[in-house]
Protein chains: 2
Amino acid sequence: MRHLETLEFIEAIHRAGSIRGAADSLSLTSTALNRRLLALEGELGAPIFERLPRGVRLSPAGELLIQHIRGQRADLERVRSQIADLKGERRGHVKVACSQALLPYFMPREISAYRAEHPLVTFSVNLRDRYRAERALVAHEADIALVFEPVRLADVQVLATAPQPVHAVMARSHPLAAKRVVRLSDLAAFPVGMPSEEFGVRYLLDIAMRRSSVKLTPLIESDSFEFLRCYPGPELMVTFQIPIGLPADDGREPIVTRPIDTRDVPAGLLYLAQMRGRTLPVAAANFARQLARALDAAEPKGE
Amino acid sequence: MRHLETLEFIEAIHRAGSIRGAADSLSLTSTALNRRLLALEGELGAPIFERLPRGVRLSPAGELLIQHIRGQRADLERVRSQIADLKGERRGHVKVACSQALLPYFMPREISAYRAEHPLVTFSVNLRDRYRAERALVAHEADIALVFEPVRLADVQVLATAPQPVHAVMARSHPLAAKRVVRLSDLAAFPVGMPSEEFGVRYLLDIAMRRSSVKLTPLIESDSFEFLRCYPGPELMVTFQIPIGLPADDGREPIVTRPIDTRDVPAGLLYLAQMRGRTLPVAAANFARQLARALDAAEPKGE
DNA sequence: CATTGTGGTGCAGGAATTGCAGCGGTGACG
DNA sequence: CGTCACCGCTGCAATTCCTGCACCACAATG
């Protein structure tokens with residue numbers, strides 16, 4: 001789309017941090033790029049970048065402009081997708097930002113289900129913790145976000161929610177595996193694998209620990225649930241996960257999961273969200289609708 | 001702004017109804033315009049206009065595109081205004097769509113008050129009945145709308161409301177001028193000047209008449225409140241208006257106004273609104289805030 | 001003090017856009 | 001039924017606009 005070229009260039013300069021650097025990445029001369037920037041600043045009546053000795057940095061006006069640019073591109077993308085839609089071509093691209101728990105089972109299943117009906121739709125799935133998922137929505141880096149226990153919900157519109165009680169994850173041979181529901185005090189006797197602080201599960205556990213004065217002993221802290229789950233079991237270590245990030249227990253898995261009593265650790269909420277006020281492209285809107293249905297259906301699951 | 005040029009051209013073609021016609025109004029050749037249109041349609045992958053023997057007409061894809069164009073231009077305008085704002089230049093342009101009652105007193109007073117503090121801000125004030133005011137918001141022809149008893153409020157965000165009881169307007173010598181409050185049944189004895197059907201006041205009166213079985217005898221129906229008010233008084237004619245459209249009664253005006261009992265005709269609501277989800281330009285947002293304050297302050301007025 | 005990076009500028013070549021003339025087609029009108 | 005006017009569209013030449021090279025001034029770096 002030609003008329004957004006200059007605006008794309010601005011964003012490239014922002015990314016590269018210098019005009020010459022951006023020019024290289026765009027296969028252009030710095031001259032041409034510089035000229036375009038100067039022309040745009042002229043029309044705008046204000047500098048878009050502050051000139052520094054080692055490059056450029058966005059001015060306040062530039063911050064405004066870059067946000068506008070992202071919005072324009074996203075809206076154009078929406079129009080293109082709607083036009084393609086009314087031509088009958090069910091193609092498109094959906095950008096999803098989600099928490100780690102969604103990656104192993106939920107998202108693959110949902111995406112493959114969607115693609116079974118719309119094979120021309122492609123996907124980007126990016127792992128974003130609860131802070132960055134919301135920023136990704138606002139920066140138009142993602143169309144929809146699926147995030148556990150989001151931080152602040154400004155500029156974000158909630159499409160659906162699903163309660164997710166925290167589960168304890170352990171080896172099948174673990175003593176606690178005999179219980180149907182695990183109390184927080186049960187866990188104090190065993191070493192635990194703690195998710196790091198950016199995760200919603202950790203957030204809920206920290207609250208619970210402050211409230212109940214039960215102290216868990218973190219053997220390992222990691223930002224990878226997969227690592228925590230796979231850490232060898234002889235240590236009797238327990239880790240945590242929410243149901244949507246757990247496989248169906250078919251009796252053969254080497255690990256088992258037990259819900260933690262919600263009187264000790266309240267159930268968190270999984271949020272499906274988009275940027276407030278934005279009209280999503282057709283494919284993204286349809287996929288979001290499917291996800292919302294899936295979350296509603298999964299609600300009585302919990303084990 | 002160069003990068004919106006092509007999109008502006010599309011809108012010009014839409015307005016003119018033909019490529020050659022638009023080319024003339026743009027001081028261009030039909031060749032150039034046609035080429036641009038074809039290029040854009042190529043990039044978009046779908047025709048924007050249906051080709052008719054006597055010109056062109058928007059295709060469904062074009063309808064989508066033209067809405068996108070208007071949104072982009074309005075958003076760019078917002079960015080420009082915000083940039084000008086942070087440069088300290090308090091300039092800008094505010095487009096207001098409002099009901100007739102606001103034109104004689106309220107809008108002039110508010111605009112001149114605003115311009116006293118921001119002399120670089122200019123205004124467009126357009127009369128739009130309650131149907132068309134909302135459409136003007138959606139089409140980005142107006143930033144804010146001030147409308148009495150709006151029709152449907154979809155795609156419109158309400159910023160403030162003010163109740164406006166309907167008043168009877170009559171000559172100072174009129175028999176009913178002796179009363180402090182007028183009942184609907186009082187009016188049956190006199191000829192009335194009716195506002196035409198597109199007005200909110202008429203809407204309220206029609207409802208009241210259906211409900212109370214009191215029949216008013218419309219001597220004159222007009223779409224001009226000014227005409228109705230100025231129609232010579234010997235006929236003892238009564239007409240209607242809401243307080244915000246009435247001058248302050250200083251005892252010297254040849255006409256007087258009396259509120260109609262709200263048990264007969266319920267008070268209507270004056271709505272200050274903008275398009276849902278839109279971020280207004282700085283000047284428009286500030287002016288809207290002032291209007292909201294003015295409406296709140298005017299509430300206990302009513303005579 | 002030289003080197004290396006930055007943004008900015010004059011000038012010439014080149015690419016993209018424009019305008020002119022003309023084609024084929026359709027509806028209005030005498 | 002022929003004429004006319006208007007429509008969208010296209011080949012070719014002119015022009016305009018944009019690009020790229022060489023170069024400048026400047027600041028940080030070593």
Side-chain angles (χ1 to χ4, degrees), chain A residues 1-66 69 76 83 87, chain B residues 1-66 69 76 83 87:
Chain A
M1 219 54 167
R2 190 57 171 292
H3 66 279
L4 284 179
E5 215 177 30
T6 303
L7 300 182
E8 306 274 2
F9 288 177
I10 299 298
E11 207 179 1
I13 296 175
H14 170 52
R15 270 198 308 272
S18 80
I19 298 179
R20 291 181 121 101
D24 287 346
S25 76
L26 293 169
S27 312
L28 262 181
T29 342
S30 73
T31 315
L33 194 52
N34 184 22
R35 288 262 178 36
R36 285 197 167 200
L37 173 58
L38 290 174
L40 186 62
E41 289 183 328
E43 289 184 47
L44 221 57
I48 298 169
F49 292 99
E50 300 171 24
R51 269 63 170 181
L52 307 175
R54 307 294 301 173
V56 293
R57 189 177 56 198
L58 274 179
S59 71
E63 303 270 4
L64 258 44
L65 185 67
I66 211 117
I69 291 170
L76 180 61
I83 289 176
K87 279 199 306 179
Chain B
M1 217 54 169
R2 190 55 176 290
H3 66 280
L4 283 180
E5 214 177 29
T6 303
L7 300 182
E8 306 275 0
F9 288 177
I10 299 299
E11 207 179 1
I13 297 175
H14 170 52
R15 271 198 306 272
S18 80
I19 297 179
R20 289 181 122 107
D24 288 345
S25 75
L26 293 168
S27 311
L28 263 180
T29 354
S30 73
T31 314
L33 194 53
N34 183 23
R35 288 260 184 21
R36 285 198 169 201
L37 172 59
L38 290 175
L40 186 63
E41 289 182 329
E43 291 185 46
L44 222 58
I48 299 170
F49 292 99
E50 300 171 24
R51 270 66 171 180
L52 307 175
R54 309 295 297 174
V56 295
R57 189 178 56 196
L58 274 179
S59 71
E63 302 271 4
L64 257 43
L65 185 67
I66 211 116
I69 291 170
L76 180 61
I83 289 176
K87 280 201 305 182

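Because the structure is a prediction, the values reported are computed rather than measured. Reminder, nothing fancy here: chain letters follow the sequence lines and each chain counts from 1.
At whole-Å resolution of the value, CZ in A:F9 and C1' in D:dT19 are 11 Å apart. Atom P of nucleotide C:dG7 and atom CZ of A:F49 are separated by 10 Å, given to the nearest angstrom. When rounded to the nearest whole Å, the span between CG of A:L40 and P of D:dC17 equals 18 Å. In this entry the distance linking CD1 of B:I48 with P of D:dG8 reads 14 Å, nearest Å. In this structure, CD1 of A:I19 is placed 17 Å from P of C:dG5, rounded to the nearest angstrom. For A:L37 and C:dG8, the CG to P distance is 7 Å, given to the nearest whole Å. The CG atom of B:D24 sits 13 Å away from the C1' atom of C:dG19 (whole-angstrom rounding). With rounding to whole Å, A:E43 atom CD is found 14 Å from D:dC17 atom C1'.
Taking each heavy atom of A:F9 and A:R36 in turn, the nearest pair found is CE1-NH1, 3.2 Å. Residues A:I66 and A:E11 share a closest heavy-atom pair of CD1-CA, 3.8 Å. The heavy-atom pair separating A:G45 from B:K87 by the smallest distance is O-NZ, 2.6 Å.
Partners of A:R57 according to the salt bridge (charged side-chain N to carboxylate O under 4.0 Å, His left out) rule, which considers only residues two or more places apart in sequence or in another chain, are A:E50. Here A:R54 pairs with nothing under the side-chain hydrogen bond (donor to acceptor under 3.5 Å, both in side chains) rule; sequence neighbours left out. With sequence neighbours left out, B:R35 forms a side-chain hydrogen bond (donor to acceptor under 3.5 Å, both in side chains) with no residue at all.
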Just by protein heavy atoms under 4.0 Å, how would nucleotides 24-30 of chain C read 5' to 3' in B, S and -?
--SS---
Determine, for nucleotides 20-25 of chain D in 5'-to-3' order, which nucleotides have protein heavy atoms under 4.0 Å from the base (write B), from only the sugar-phosphate (write S), or from neither (write -).
BBB---
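Counting any heavy atom pair closer than 4.0 Å across all strands shown, A:L38 reaches sugar-phosphate atoms only and no base atom.
In this model, the phosphate group of C:dG7 is not approached by any side-chain N or O of A:N34 to a distance below 4.0 Å at OP1 or OP2. Here A:R36 does not reach the OP1 or OP2 of D:dC18: none of its side-chain N or O atoms lies under 4.0 Å away.
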Which pairs would a plain distance check flag for residues 18-32 of chain B, meaning a side-chain donor or acceptor within less than 3.5 Å of a matching protein atom at least two apart in sequence or in another chain?
| residue | atom | partner | partner atom | Å |
| --- | --- | --- | --- | --- |
| B:S18 | OG | B:G21 | N | 2.9 |
| B:S25 | OG | B:A22 | O | 2.8 |

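How far CD1 of A:I10 is from CG of A:L7: 7.0 Å, rounded to the nearest 0.5 Å.
A:L65 places a side-chain heavy atom less than 4.5 Å from the side chain of A:L40.
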